[in-house]
2 protein chains.
Amino acid sequence: MSRSNPRVLSTLERAGGFASAQEVYRLMQREGESIGLTTVYRSLQSLVNDKIVDVLRREDGEAIYRLCGEAHHHHLVCKGCGDTVEIEGGAIEKWAKAMAEEHGFRDVGHTAEIFGLCAKC
Amino acid sequence: MSRSNPRVLSTLERAGGFASAQEVYRLMQREGESIGLTTVYRSLQSLVNDKIVDVLRREDGEAIYRLCGEAHHHHLVCKGCGDTVEIEGGAIEKWAKAMAEEHGFRDVGHTAEIFGLCAKC
DNA sequence: TATGGAAATGAAAATCATTTTCATTTATGT
DNA sequence: ACATAAATGAAAATGATTTTCATTTCCATA
């Protein structure tokens with residue numbers, strides 16, 4: 001088992017607390033940090049295990065890592081132009097919590113994304 | 001541009017209206033149908049374009065295709081054992097619709113999944 | 001009924017994210 | 001200094017998906 005390379009976490013933070021493994025890697029390269037892609041993946045996974053970040057999926061299937069504790073929000077994504085609006089989801093939080101309780105689940109997280117065509121498209 | 005091979009749609013229906021491209025392919029093979037993986041992918045994409053099916057992502061990033069019009073439901077997934085409970089999400093439907101309207105989006109769909117540890121794990 | 005072009009097909013190669021392997025380097029305790 | 005464990009990263013393996021391209025099937029029309 002390996003522990004997370006601290007530079008990975010710091011880069012993820014600098015990236016706005018939201019990025020894919022490849023993006024973190026590219027970012028570190030651009031900034032002149034010497035690190036291997038493998039280490040980036042391993043560190044991110046380790047951060048996930050430690051519940052310091054969690055994982056979502058882009059529409060194209062790429063995994064994106066998000067700092068836990070970041071203001072939790074959801075996305076409204078345009079299928080046409082890809083524009084993304086951050087929206088707030090109090091209703092979802094309540095729903096998730098209620099459903100989890102009802103079925104005896106604990107330690108729950110959730111994802112919720114809305115997609116459609118924006119006004120311009 | 002290519003049109004959907006009707007056997008693909010019929011197989012997706014038979015699969016319970018919910019399967020990945022690879023699964024549809026394997027299923028057709030098992031049933032003795034002669035078809036190429038490429039055609040399965042193309043047909044599913046074409047069905048997506050025609051809004052006859054839509055796409056979600058498994059936790060591992062694999063795309064799964066769902067017949068539109070299937071009773072729309074959400075999932076509560078255990079991170080430990082993978083057990084999945086189908087749950088209903090009236091609250092989400094309303095939320096999605098409200099958010100879409102507020103931002104001028106039309107033709108919207110959504111995904112929402114809850115994940116945690118089930119009582120057994 | 002031929003026939004020419006468009007659409008459909010599928011095998012094989014290409015792509016891309018992610019994981020695994022494995023040899024090397026770095027840390028740490030004794 | 002030594003031994004052992006942990007961390008690292010290059011390269012290969014994996015697996016889903018897409019692209020390429022040559023071939024086959026359809027279909028409308030001469």
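Chain A is the first sequence line, chain B the second, and so forth, proteins listed ahead of strands; every chain is numbered from 1. What you see is a predicted model, and the numbers here were worked out from it, not measured in a lab.
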query = Just how far, in rounded Å, is P of C:dC16 from CD of A:E62?
reply = 11 Å
inquiry  = For A:D60, is there an ion pair with B:R57 - N to carboxylate O distance below 4.0 angstrom?
reply    = no
note = A:L37 CG to D:dA10 P, in whole Å, measures 9 Å
query = Under 4.0 Å between a side-chain N or O of A:N5 and OP1 or OP2 of D:dA7?
reply = no
task = Please determine if B:D107 and B:K51 form a salt bridge, counting it only when a charged side-chain N lies under 4.0 Å from a carboxylate O.
result = yes
request  = Decide yes or no for B:R14 and B:S10: does some side-chain heavy atom of the first lie under 4.5 Å from some side-chain heavy atom of the second?
outcome  = yes
remark   = Separation of C:dA8 atom P from B:R7 atom CZ, nearest Å, is 14 Å
ask   = Which ones in residues 38-45 of chain A lie close to DNA chain C, meaning a heavy atom under 4.0 Å from one of its atoms?
value = A:T38, A:Y41, A:Q45
request  = Name the orientation class of the two ring planes belonging to B:H110 and B:H74 (parallel below 30°, tilted from 30 to 60°, perpendicular beyond 60°).
outcome  = parallel
message = Under 4.0 Å, counting only non-hydrogen atoms across every strand here, what does A:S46 touch: a base, just sugar-phosphate, or nothing?
response = nothing
ask   = From A:D54 CG over to B:F115 CZ, what is the distance, rounded to the nearest 0.5 angstrom?
value = 6.0 Å
ask   = Expressed in angstrom and rounded to an integer, what is the separation of B:R58 atom CZ from D:dA16 atom P?
value = 10 Å
message = Distance check, rounded to the nearest 0.5 Å: A:F105 atom CZ versus B:I87 atom CD1?
response = 9.0 Å
Residues A:E23, A:R58: salt bridge by 4.0 Å N-O rule = yes
inquiry  = In whole Å, I'd like the distance from the CZ atom of A:R3 to the P atom of D:dA5.
reply    = 15 Å
query = To the nearest angstrom, how far is B:E33 atom CD from C:dG10 atom P?
reply = 11 Å
ask   = To the nearest angstrom, how far is B:Q29 atom CD from C:dG10 atom P?
value = 10 Å
Protein-nucleotide distance (A:R26, atom CZ; C:dC16, atom P), rounded to Å = 10 Å
ask   = Closest to the A:Q22 side chain: C:dT18, D:dA16, C:dG10?
value = C:dT18
ask   = What is the nucleic acid contact for A:S4, judged by heavy atoms within less than 4.0 Å: base, sugar-phosphate only, or nothing?
value = nothing
inquiry  = Need one value for B:I35: base, sugar-phosphate or nothing, where a base atom within 4.0 Å counts as base even if backbone is also close, heavy atoms only.
reply    = sugar-phosphate
